[in-house]
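Proteins get letters first, then strands, A, B, ... in listed order; numbering begins at 1 in each. Because the structure is predicted, anything quoted here is derived from the model rather than measured.
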Amino acid sequence: MPTVHWFRRDLRLADNPALVAAVEAARRADDAVVPLFVVDPGLWTAAAGPRVAYLARSLRALDAALDGRLVVRHGRPQDVVPAVAREVEAPTVHVTAATEPYGRRRDDAVAQALGDVPLVATGSPYAVAPGRLRTQQGSPYEVFTPFRRAWLDHGWSAPAPRPRSVPWADVRGDGVPDEPATTVDLPAAGEAAARRRWATFVADALADYDEDRDRPDLDGTSSMSVPLKYGELHPRTLLADLAGAGSSASVATYRSELAWREFHADVLWHHPDAARRSLRTVVPEDAWATGPAADDAFAAWAEGRTGYPLVDAGMRQLRAIGWMHNRVRMVTASFLVKDLHQRWQRGAEHFLAWLVDGDVPQNQLNWQWVAGTGRDAAPYFRVFNPVLQGRRFDPDGTYVRQWVPELRGIPGGAVHEPWKLPAAAAPDYPPRIVDHAQARAAALEAYGRR
DNA sequence: TACTTTTTAGG
DNA sequence: CTAAAAAGT
């Protein structure tokens with residue numbers, strides 16, 4: 001009687017406690033493990049975006065690591081998981097615990113449909129499970145810094161060993177679905193590729209992370225958002241490697257970035273509606289721009305033709321490779337909310353549609369942070385100046401020229417203010433759609449009468 | 001994880 | 001007068 005391991009947000013074999021539990025149960029029963037992946041209906045549609053294309057690639061890599069035995073079935077989990085369990089007469093089904101509230105409800109439905117077969121949820125996609133940490137008063141953490149302190153004090157378990165010589169069951173599936181067409185140039189997918197990228201980062205860039213992570217013109221970040229989103233790597237693995245990398249400022253900063261990720265998961269766990277609604281109202285509803293002019297401005301932002309080089313470079317990088325440097329995500333998001341006066345939800349939706357690492361907790365709560373609507377957010381009056389940010393973090397203009405071909409003829413940091421140059425310098429680059437100083441003043445005025 | 005304006009220190 | 005620090009948005 002083989003046990004079932006249901007892969008969900010854990011497309012990996014290493015450091016996977018739920019898989020370890022499934023393998024142990026199978027060994028006790030002297031039987032095999034069924035590696036199951038459920039394709040939700042509606043995921044592979046005509047509108048499938050770069051995330052689904054990447055998921056298909058990652059599934060293909062997982063299938064290869066399993067010698068072609070990955071069992072992919074289409075349908076709702078509450079239908080598919082019990083069907084497979086009945087088919088192979090599994091005594092238990094193992095899965096990594098859900099984190100989002102909607103995930104927990106789905107698990108309830110699966111557990112109920114399984115009847116007598118237990119659904120064993122082991123571990124979490126996070127180093128510390130969302131909802132675990134509480135203040136001394138027993139309330140959820142609302143502020144990052146005390147959360148991080150508690151998170152560091154709490155600690156986490158060591159990486160789980162990768163199961164060796166697993167007897168994978170030979171069960172027929174529907175096969176890994178075809179990769180939907182996408183214009184996005186996707187990164188290499190799969191657990192092995194993620195491990196290689198991480199090892200390269202630790203060896204080459206971690207020492208300078210504190211200094212270089214805000215520089216979109218350098219390869220100073222780890223690009224782990226994608227593997228973390230799909231569970232190709234577990235944050236515990238990264239934390240264990242960081243512990244072995246000393247105690248420099250760079251290591252502490254990287255660990256702190258992981259803490260932000262866990263904080264956002266924790267906040268969403270406690271406030272499920274934060275995925276859609278502002279946690280705080282900072283400006284009156286009637287202050288947001290709406291109508292055809294706002295729609296035009298949004299399109300200019302989304303397509304990277306605002307006339308602000310750093311904003312346009314970021315938005316074009318997003319469309320080209322499904323990823324944007326974090327510093328530029330903050331600048332472009334600030335521009336939509338505080339220069340174009342549009343609700344963060346609209347921008348978050350666009351990011352989710354294009355980002356390969358698009359993750360509801362991270363995307364929505366980082367947008368709330370920029371918009372100033374989060375619990376522990378940047379104050380609304382903290383407005384990013386796209387020119388100053390460009391001069392500071394892309395001093396030679398390399399990043400802008402990489403993504404905005406119309407500006408390639410302008411050398412150095414002057415590329416951040418093309419309007420100060422003769423019109424012939426960049427004839428094809430669009431003029432500014434708003435004046436930043438005026439737009440900023442208008443945003444602060446709206447904030448003042450909230 | 002901003003930026004601008006005002007105030008103050010220092011030569 | 002300049003630059004740094006502080007205050008305010």
Side-chain angles (χ1 to χ4, degrees), chain A residues 141-149 151 205-206 208-218 220-225 248-264 267 279-284 287 308-311 314 323-341 344 347-348 351 357 361-395 399 413 416-417 432 434-450:
Chain A
Y141 282 98
E142 307 284 4
V143 180
F144 172 68
T145 305
F147 173 87
R148 179 179 57 193
R149 190 170 300 122
W151 182 79
L206 176 59
D208 298 322
Y209 183 71
D210 209 34
E211 207 171 319
D212 290 352
R213 71 195 181 92
D214 278 324
R215 291 284 299 273
D217 55 335
L218 306 177
T221 63
S222 67
S223 308
M224 285 298 110
S225 55
S248 62
S250 284
V251 168
T253 301
Y254 195 94
R255 202 180 277 123
S256 185
E257 297 304 316
L258 287 176
W260 269 109
R261 184 171 178 275
E262 308 244 337
F263 176 60
H264 287 150
V267 171
L279 288 168
R280 268 189 317 144
T281 304
V282 294
V283 302
Y308 285 90
L310 187 62
V311 174
W323 186 87
M324 200 196 303
H325 189 282
N326 177 250
R327 169 61 46 178
V328 190
R329 291 190 200 198
M330 293 191 279
V331 174
T332 54
S334 178
F335 192 84
L336 182 72
V337 174
K338 297 178 184 180
D339 288 64
L340 303 182
H341 309 134
W344 65 264
F351 270 32
D357 64 29
Q362 305 310 317
N363 188 62
Q364 311 305 89
L365 286 161
N366 273 309
W367 269 92
Q368 293 226 36
W369 183 89
V370 172
T373 63
R375 278 291 146 72
D376 182 25
Y380 188 79
F381 53 73
R382 187 178 287 180
V383 178
F384 286 78
N385 180 322
V387 174
L388 291 181
Q389 290 281 316
R391 288 216 172 258
R392 198 151 125 212
F393 297 113
D394 181 29
Y399 174 77
H416 292 295
E417 292 168 284
R432 290 171 287 178
V434 290
D435 177 82
H436 173 70
Q438 277 177 17
R440 173 180 180 276
L444 294 181
E445 196 271 329
Y447 170 69
R449 62 187 173 82
R450 74 190 181 284

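Listed by chain and residue number, A:Arg148, A:Arg149 satisfy the side chain to side chain contact (heavy atoms under 4.5 Å, CB included) test with A:Thr145 (two or more places apart in sequence, or in another chain). A search for salt bridge (charged side-chain N to carboxylate O under 4.0 Å, His left out) contacts involving A:Arg255 returns nothing, not counting sequence neighbours. With sequence neighbours excluded, the residues that form a side chain to side chain contact (heavy atoms under 4.5 Å, CB included) with A:Asp214 are A:Arg327, A:Phe393. The side chain to side chain contact (heavy atoms under 4.5 Å, CB included) check on A:Asp339 picks up A:Phe335, A:Val383, A:Val434, A:His436, A:Ala439, with sequence neighbours excluded. Remark: A:His416 engages A:Arg391, A:Asp394, A:Val400 in a side chain to side chain contact (heavy atoms under 4.5 Å, CB included) (not counting sequence neighbours).
Taking side-chain N and O atoms only, A:Arg215 has no distance below 4.0 Å to OP1 or OP2 of B:dT1. The side chain of A:Gln389 places no N or O atom within less than 4.0 Å of a non-bridging phosphate oxygen (OP1 or OP2) of B:dT1.
At whole-Å resolution of the value, CG in A:Asp339 and C1' in B:dA2 are 13 Å apart. Here B:dT1 presents its P atom at 19 Å from OH of A:Tyr254, a figure rounded to the nearest Å. Between A:Tyr447 atom OH and B:dT4 atom P there is a gap of 17 Å when expressed in whole angstrom units. Per the geometry, CD belonging to A:Gln438 stands 16 Å off C1' belonging to B:dT4, to the nearest Å. Straight-line distance from the CE atom of A:Met330 to the P atom of B:dC3: 10 Å, rounded to whole Å. Put simply, CZ on A:Phe393 is 11 Å from P on B:dT1, counting in whole angstrom units. Regarding A:Leu310, its CG atom lies at a distance of 19 Å from the P atom of B:dT1, rounded to whole Å. Between the NZ atom of A:Lys338 and the C1' atom of B:dT1 there is a distance of 12 Å, given to the nearest Å.
Here A:Arg392 lies in heavy-atom contact (under 4.0 Å) with sugar-phosphate atoms only.
Judged by the 6.0 Å distance and 45° axis criteria, A:Lys338 is not positioned over the aromatic ring of A:Phe384.
Checking A:Tyr209 against A:Thr253 by side-chain atom types alone, no donor-acceptor pair falls below 3.5 Å.
Contacts with DNA chain B (heavy atom under 4.0 Å) in residues 377-386 of chain A: A:Phe381, A:Arg382, A:Val383, A:Phe384, A:Asn385, listed by number.
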